[in-house]
Amino acid sequence: MSLEDDLFEQRAARVSEIEALGYRPFGKRFDFTHTVPEVFERFGSKTGEELEAEKIRVRIAGRIQTVRRMGKAGFMHVQQNGGKLQFYVRKDAVPERDYALFGMLDIGDIVGAEGYLFITRTGELSLHVEALEFLSKTLLAMPEKFHGLEDTETRYRQRYLDLISNPEVRDVFVTRAKVVSSIRRQLEERGFIEVETPMMQPVYGGAAARPFVTHHNTLDIDLYLRIAPELYLKRLIVGGLERVFEINRNFRNEGVSTRHNPEFTMVEFYQAYTDYNGLMDLTETMLRQIAIDATGGTVVPFGEHQLDFGSVRRLTMRDAVVEFWEGEGGPTPGQVRDSAWLLANAPKATAGECLAHLFEVHAEKKLIQPTIIYEFPVEVSPLANNNPNEPAMVDRFEIFVASMEIGNAYTELNNPLEQRRRFDGQLDMQARGDDEAHQMDEDYLRAMSYGMPPTGGEGIGIDRLVMLMTNRTSIRDVILFPLLRPEAEIGMADRLRRLG
RNA sequence: GGGCGCGUAGCUCAAUUGGCAGAGCAACUGACUCUUAAUCAGUAGGUUGUAGGUUCGAUUCCUACCGCGCUCACCA
């Protein structure tokens, strides 16, 4: 028998022992008076004398992190809600039955206790337990207390263990929640309403990506998991919902990396009667506020850098290529406007694609501080409006931070005649073998033909933004359950079956 | 998909040119009424990712496969 099975059976046997003492081994309702962090907020600054005089009674529940037993007394640390509180249990202060229970507790068990707060000789605010309640049993051994759980595979597969074992992981996801709620609140304050549009779509669009395909049985149709909500949100703009946003998953059937997960979260928002300049201002304000809401300030550490969300630089894609050109033969501002020069200096079919390619190769990795890059070529922007002064360019910008693209925005194309031409252009690209080219969307053309107001629209990648706010270099560290290949057989059901 | 790396006890890690698989934590038994990575004494725990191969002998060398990580390509 392996050690793990041995341990498993020992603990299963302990379930009966706990039951024999008169406790329910899988617990019951426990009305606590404070969370552990609340205990420290409210009473953390009191002195030992004050606590002795006031005898503050509390009821606390949580998971046992460490136990130190010394014969007729002992300590344990109990973690709950991101904090940990020390419990002091002594034989002469609790019912006999509770002390017997204390003797058979395992690290990882969940308990509740009632008692009063005091400060130990070593100065730690603790709970002097007067009654102990058993709330749930762990049958499996917890990760080691000192190093925690380090194995990345186990951390991602069993995120619950990661969360129990590594407090900073909890902080990452708390920060993630702050980022999302900051975005939601800021948009709502400006009159945006949150909507939900189809994630299963008969025609996919709104981005250049390969989709996942699924099937609906009774309708007998293939559907695509959406690669972006864009086309539906703009239909809502046509319908008069003039400020809408959606925060949810997109699915792209592409490789995984430290910056890509097949499902990822975006916020997309659309505002009628503005344009990409309006969105630049809004983006700057929002990013700044997100940093404050998530981290407490506008300067955020990221690796060796200090990212300053207090100011956002703006420059055109052409200027970026000129400024950041690597190596010899850097172009002049005139050359990056010259189709012949572009076509001669990048391996793409059109001048616009060449410019975008040169930008990606030379400039992107150098954009560490928050930077808005604007004026994009029309060839890589099938849904954005042409610049009135230069039809080869569109009124579009992207936000880069720490070499990552985290946002994309433009003045929406609202001319159905031009949109038809763009779709046809995409079909041509498809015919030439580009499997990420945009599909024709007839209903979208129809919606636009009813008249869509001038509109600005933007999408921000939440996962990447959270990476920046939490100083994580892998997207898997900010997604609770990142996609992994299925695990080999676990055998848990069989093990439990053997116990009855 | 390509390249590089990793996989040893529940967890964190060792193991000498290829020569008896080990430690700490967790667990078990005992001692201990202010400890905090509690301490002290003792006990138990292994299909070295899987399958082959080389060898007297493989955790170690070789091949394939599985899983994970990093990276390049692609994308956001």
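Numbered from 1 within each chain, the chains take letters A, B, ... in sequence-line order.
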Taking for each residue the nucleotide of RNA chain B bearing the nearest heavy atom, is the 5' side occupied by A:G148 or by A:L105?
A:G148

Check: A:V67 and A:I107 side chains under 4.5 Å, non-hydrogen atoms
yes

At under 4.0 Å between heavy atoms, what does A:T154 touch on the DNA or RNA strands: base, sugar-phosphate, or nothing?
nothing

Please determine if a side-chain N or O atom of A:R476 lies less than 4.0 Å away from the OP1 or OP2 oxygen of B:G69.
yes

Strand partner of B:G1, provided both Watson-Crick or wobble distances fall under 3.5 Å:
B:C72

Measuring only the P atom in each nucleotide, how far is B:C13 from B:U8? A whole number of Å is fine.
10 Å

Consider the side chain of A:R259, meaning its heavy atoms from C-beta on, and name the nucleotide among B:U33, B:G69, B:C74 that approaches it most closely.
B:C74

Say we look at B:A9 and B:U43: how far apart would their C1' atoms be, to the nearest angstrom?
16 Å

5' priority, RNA chain B, between A:G123 and A:E398 [closest heavy atom]
A:G123

Which one, B:C13, B:A27, B:U33, comes nearest to the side chain of A:E150?
B:C13

Would you mind reading off the distance between A:L7 atom CG and B:U43 atom C1', rounded to a whole angstrom?
15 Å

With a 4.0 Å cutoff (strictly under), does any side-chain N or O of A:R69 reach OP1 or OP2 of B:A31?
no

Distance in angstrom units between A:E96 CD and B:U33 P, rounded:
17 Å

Regarding A:E405, tell me which of base, sugar-phosphate or nothing describes its non-hydrogen contacts under 4.0 Å with the strands shown.
sugar-phosphate

Nucleotide opposite B:A31 in a Watson-Crick or G-U pair, distances under 3.5 Å:
B:U39

Among B:A27, B:C70, B:G67, the nucleotide that comes nearest once only the side chain of A:E153 is considered
B:G67

For nucleotides B:G46 and B:G22, find the distance between their C1' atoms and express it as a whole number of Å.
11 Å

Taking the six-membered ring of A:F324 as reference, does the cationic atom of A:K366 (NZ for Lys, CZ for Arg) lie under 6.0 Å from its centre and within 45° of its axis?
no

Looking at every strand, decide which applies to A:F118 at a 4.0 Å heavy-atom threshold: base, sugar-phosphate, or nothing.
base

Quick one: CZ on A:R313 to CD1 on A:I373, what's the gap to the nearest 0.5 Å?
7.5 Å

Nucleotide of B:G69, B:A73, B:A27 approaching A:S257 most closely (side-chain heavy atoms)
B:A73

Categorize A:I406 for me: base, sugar-phosphate, or nothing, with a 4.0 angstrom heavy-atom threshold over every strand shown.
nothing

Let me know the distance between CZ of A:R11 and P of B:G45, rounded to the nearest Å.
18 Å

Has A:R249 got its NZ or CZ under 6.0 Å from the middle of the six-membered ring of A:F264, at an angle within 45 degrees of the ring axis?
no

Among B:A76, B:A27, B:C68, the one nearest any side-chain atom of A:I107 is B:A27

Please, which pairs that meet salt bridge (Lys or Arg N to Asp or Glu O under 4.0 Å) have at least one residue in residues 77-103 of chain A, sequence neighbours excluded?
A:R90-A:D92

How far, in whole Å, is B:C56 from B:U48 if one measures between their P atoms?
22 Å

What is the nucleic acid contact for A:T152, judged by heavy atoms within less than 4.0 Å: base, sugar-phosphate only, or nothing?
sugar-phosphate

From the list B:C32, B:U12, B:A76, which nucleotide is the closest neighbour of the side chain of A:M70?
B:C32

Look at all strands and tell whether A:N261 reaches a base, only sugar-phosphate, or nothing, counting heavy atoms closer than 4.0 Å.
base

How close or far is atom P of B:A27 from atom CD of A:E9, stated in whole angstroms?
18 Å

Is there a Watson-Crick or G-U wobble partner for B:G7 with both distances under 3.5 Å, and which nucleotide is it?
B:C66

Touch class at under 4.0 angstrom, heavy-atom based, for A:A208 against every strand present:
sugar-phosphate

Atom C1', compared across B:G42 and B:C4: separation rounded to whole Å:
47 Å

Tell me the interatomic distance from A:D477, atom CG, to B:C68, atom P, rounded to whole angstroms.
15 Å

With the side chain of A:S474 defined as its heavy atoms from C-beta on, choose the nearest nucleotide among B:C34, B:C11, B:C70.
B:C70

Residue of the set A:R396, A:E268, A:E458 for which side-chain hydrogen bond (donor to acceptor under 3.5 Å, both in side chains) holds with A:N408:
A:R396

Sorted by chain and number, sequence neighbours left out, side chain to side chain donor-acceptor pair (under 3.5 Å) with A:Y156 holds for A:D477

At under 4.0 Å between heavy atoms, what does A:D151 touch on the DNA or RNA strands: base, sugar-phosphate, or nothing?
sugar-phosphate

Does B:A14 pair with anything, Watson-Crick or G-U wobble, both distances under 3.5 Å, and if so, with which nucleotide?
none

Reckon A:R68 has a side-chain N or O less than 4.0 Å from the OP1 or OP2 of B:A38?
yes

Neighbour count above 12 (heavy atom, 6.0 Å) for A:E52 CD:
no

Can you tell me the pairing partner of B:U47 across any strand shown, Watson-Crick or G-U wobble, with both distances under 3.5 angstrom?
none

In this structure, how many angstroms lie between the P atom of B:A76 and the CG atom of A:L468, rounded?
17 Å

Give a yes/no on whether any side-chain N or O of A:R485 is located under 4.0 angstrom from OP1 or OP2 of B:C68.
yes

Whole-Å distance, A:D92 CG to B:C34 C1', equals 13 Å

Using a 4.0 Å heavy-atom cut-off across all strands, classify A:R121 as base, sugar-phosphate, or nothing.
base

A:F75 side chain: which of B:U33, B:U35, B:C74 is closest?
B:U35

N or O in side chain of A:R14 less than 4.0 angstrom from B:C28 OP1/OP2
yes

Given the structure, check if the side chain of A:E124 and the base of B:U35 hold any donor-acceptor pair shorter than 3.5 Å.
no

Looking at B:G69, B:A76, B:C28, which one has an atom nearest to any side-chain atom of A:F264?
B:A76

May I ask you to verify if any side-chain N or O of A:K145 is less than 4.0 angstrom from the OP1 or OP2 atom of B:C11?
no

Taking only the side-chain heavy atoms of A:A73 (C-beta and beyond), determine which of B:A26, B:G69, B:U33 contains the nearest atom.
B:U33

With heavy atoms under 4.0 Å as the rule, sort A:Y88 into base, sugar-phosphate or nothing.
base

Could you tell me how far B:C6 sits from B:A15 if I compare only their P atoms? Round to whole Å.
13 Å

Is there a donor and acceptor pair closer than 3.5 Å between the side chain of A:E144 and the base of B:G10?
no

When the C1' atoms of B:G19 and B:C11 are considered, how many whole Å apart are they?
30 Å

Are A:H34 and A:F43 close enough that their ring centres sit under 6.0 Å apart?
yes

